[in-house]
Amino acid sequence: MTAPTKKPPVETQADLSAEIAKIEADSEGRNVRQPLLDYPPYRSSILRHPTKDPRHADPETIELWAPCFGHSDVDPLEADLTIAGSNEPIGERITVSGRVLDGEGRPVRDQLVEIWQANSAGRYIHKHEQHPAPLDPNFTGVGRCITDSEGRYRFQTIKPGPYPWGNHINAWRPAHIHFSLFGRAFTQRLITQMYFPSDPLFALDPIYQSITSQKDRDALVATYDHDLTIPEYSMGYSWDIVLTGPSRTWTEPEEGDL
Amino acid sequence: MSTIPTPGQTIGPFFGYALPYEGDADLVPPGSPGSIRLHGWVYDGAGNPIPDALLEIWQTDAEGNVPQAEGSLHRDGWTFTGWGRADTDLNGHYSFSTVLPGATAEGAAPFFALTVFARGLLDKLQTRIYLPEHPANAGDPLLVSLSEDERATLVATADATGLRFDVHLQGDRETTFLNYG
Ligand SMILES: [Fe+3]
């Protein structure tokens, strides 16, 4: 397999950490959109961020509605990432669950949630993946579900490993699960990453640190939740997601809807 | 209960085995009566094509109705769901098969709502794709608020199979992106 040849990075983690610290100090106390799109420590962002501020638009009809997904789109078995193979995947079994809410704390019901992640060794099933960690024939790392009447999602999976990614010398991503979410309106669309508590790589990672305020960064970190463990079987993490952006007027669900 | 909005993060390089699916970009079967191709290229600030971007469109049907039918992930070929997804190929090219969106009200300018994700792009970008030479464009509140150059970045051009719309994340022809706050 041939991959595009890239110049090897020359910057060290110390160089990157200094850049990260400077940007965080400069943005302290400023109310800026999070994450920053112009964030040079993430080298790939340098030519891929708009230089102009977004223009304001009053959302029109189509933008106040979200695309509709449902149970014909997703098989309930797609929420279990551990059953793709004929045997059990290797790694620490976890349940990840939480609620998808709008900015007023109301549930985002019956909506699509998609996830993808590396295996327990930090390897993705992807043709451009170059990390020489083992693939797991029993783990594809892709899941989907539809939120329930309380906006809740739930996945059964294994804990992903950290992986190196070539941004600078010996750059490692903290363990994470990619999440794709649709809200109650087009404007609320979100793709993000969920992290695990107390990861020692947080301080070193330009992608996580592109969110320059600690309270906003904290919103991406799941909480260990003993109530989500399956006794004698698996660990549990909870993580709620808040989607903001204008949507059409909220109508209380009818009794029969719930 | 936390009400801090959850920040976005980049889609990264490895979504290709997870988010695309069979029929994702075909809102209607290609070549079916009334179908058009909506396609274009996605570029970075150096003018190089971006081979790892993901675009999603969301639109009214040809009569201007907001679709509320499920089935985008398992298309039956008959139900118009109004939503589609296309990843760019190695040349940075994307392509949808769809219909022209209708106006939602008398005199309103129809458009495709567009979301852009890419490796290297730390959060989603959203904007509109307007139809070329549509008479309602002249009175559209967003289009009239923009300079001529900015306006040009939001209007597709007609070609032999339908519409072409390029996305420039940065540079002289940087696409005008929107916020709705
Ligand atoms: Fe990743």
Side-chain angles (χ1 to χ4, degrees), chain A residues 34-37 39 42 44-45 47-52 54-63 65 67-70 72-74 101 103 105 114 116 124-129 140-142 178 180 186-187 189-193 207 210-211 215-217 219-220 240-246, chain B residues 1-19 44-46 50 56 58-60 66-74 81-83 104-105 108 113 115 117-126 128 141-142 145-146 150 169-170 174-181:
Chain A
Q34 303 281 352
L36 303 183
L37 299 182
Y39 194 73
Y42 176 25
S44 303
S45 78
L47 288 171
R48 293 186 173 193
H49 71 271
T51 57
K52 302 189 181 92
R55 301 296 296 249
H56 173 79
D58 289 320
E60 292 189 22
T61 316
I62 190 77
E63 292 157 335
W65 290 78
C68 182
F69 301 94
S72 70
D73 288 299
V74 180
L101 304 167
E114 298 163 286
W116 69 105
Y124 283 91
I125 295 187
H126 189 281
K127 55 185 186 293
H128 297 311
E129 164 72 289
T140 58
V142 179
H178 296 266
S180 160
F186 168 78
T187 60
R189 181 83 176 94
L190 182 74
I191 285 185
T192 190
Q193 302 179 23
I207 292 179
S210 69
I211 303 161
K215 94 175 153 38
D216 291 306
R217 287 195 291 262
L220 294 184
D240 290 342
I241 296 145
V242 180
L243 304 174
T244 56
Chain B
M1 174 60 57
S2 161
T3 50
I4 294 172
T6 306
Q9 292 269 267
T10 181
I11 193 171
F14 298 130
F15 61 85
Y17 74 98
L19 297 184
D44 72 10
I50 297 182
E56 293 174 352
W58 169 231
Q59 65 168 101
T60 52
V66 176
Q68 281 296 284
E70 59 184 62
S72 292
L73 295 182
H74 294 287
T81 66
W83 183 84
T104 53
T115 307
F117 302 99
R119 179 180 69 82
L121 176 61
L122 277 154
D123 200 359
K124 71 170 180 204
L125 295 170
Q126 292 183 313
R128 296 176 180 172
L142 173 66
S145 77
L146 302 176
E150 290 169 327
L169 294 188
Q170 200 184 82
E174 186 172 306
T175 302
T176 301
F177 296 103
L178 306 180
N179 79 48
Y180 307 93

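Numbers restart at 1 for each chain; the letters A, B, ... are given by sequence-line order, proteins then strands. Because the structure is predicted, anything quoted here is derived from the model rather than measured.
Within the 3.5 Å criterion, the main-chain N or O of A:Asp73 finds no donor-acceptor partner in the side chain of B:Glu70. Not one N or O on the side chain of A:Arg55 forms a donor-acceptor pair closer than 3.5 Å with the backbone of B:Glu150. Put simply, the side chain of B:Trp58 gets close to the backbone of A:Trp65: a donor and an acceptor are under 3.5 Å apart. Between the side chain of B:Gln170 and the backbone N or O of A:His49 there is at least one donor-acceptor pair closer than 3.5 Å. In terms of modelled atom types and a separation under 3.5 Å, the side chain of A:Arg48 and the main chain of B:Leu169 share no donor-acceptor contact. Under the 3.5 Å distance criterion, the side-chain polar atoms of B:Asp44 are left unmatched by any main-chain donor or acceptor of A:Leu47.
Counting heavy atoms from C-beta on, the side chains of A:Leu220 and B:Pro7 come closer than 4.5 Å.
Residue A:Leu37 touches chain B through both its backbone and its side chain, counting heavy-atom pairs closer than 4.5 Å. Heavy atoms closer than 4.5 Å to chain B are found in the backbone of A:Asp58, but not in its side chain. At a 4.5 Å heavy-atom cutoff, the contact between A:Thr187 and chain B is made by backbone and side-chain atoms alike. Heavy atoms of A:His178 lying under 4.5 Å from chain B belong exclusively to its side chain. Contacts between A:Thr244 and chain B at a heavy-atom distance below 4.5 Å involve the side chain alone, from C-beta outward. At a 4.5 Å heavy-atom cutoff, the contact between A:Phe186 and chain B is made by backbone and side-chain atoms alike. Looking at A:Glu114, only its side chain comes within 4.5 Å of chain B, counting heavy atoms on both sides.
Here the CD-OG1 distance, from A:Gln193 to B:Thr10, works out to 7.0 Å after rounding to the nearest 0.5 Å. Rounded to the nearest 0.5 Å, atoms CD1 (B:Ile11) and CD1 (A:Ile191) are 4.0 Å apart. Atom CG in A:Leu190 sits 9.5 Å away from atom CD in B:Gln9 (nearest 0.5 Å).
Looking only at atom types and distance, the side chain of B:Thr104 has no donor-acceptor partner in the side chain of A:Glu60 under 3.5 Å away.
Closest of all the heavy-atom pairs between A:Thr140 and B:Tyr17 is O-CE1, 3.1 Å.
B:Tyr180 pairs by the ring-ring contact (aromatic ring centres under 6.0 Å, His included) definition with nothing, not counting sequence neighbours. For B:Phe15, there are no ring-ring contact (aromatic ring centres under 6.0 Å, His included) partners, not counting sequence neighbours.
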*So B:Leu178 and A:His56, side-chain contact (heavy atoms from CB on, under 4.5 Å) or not? Walk me through it.*
CA-CA 6 Å; B:Leu178 306 180; A:His56 173 79; over 6 Å; no
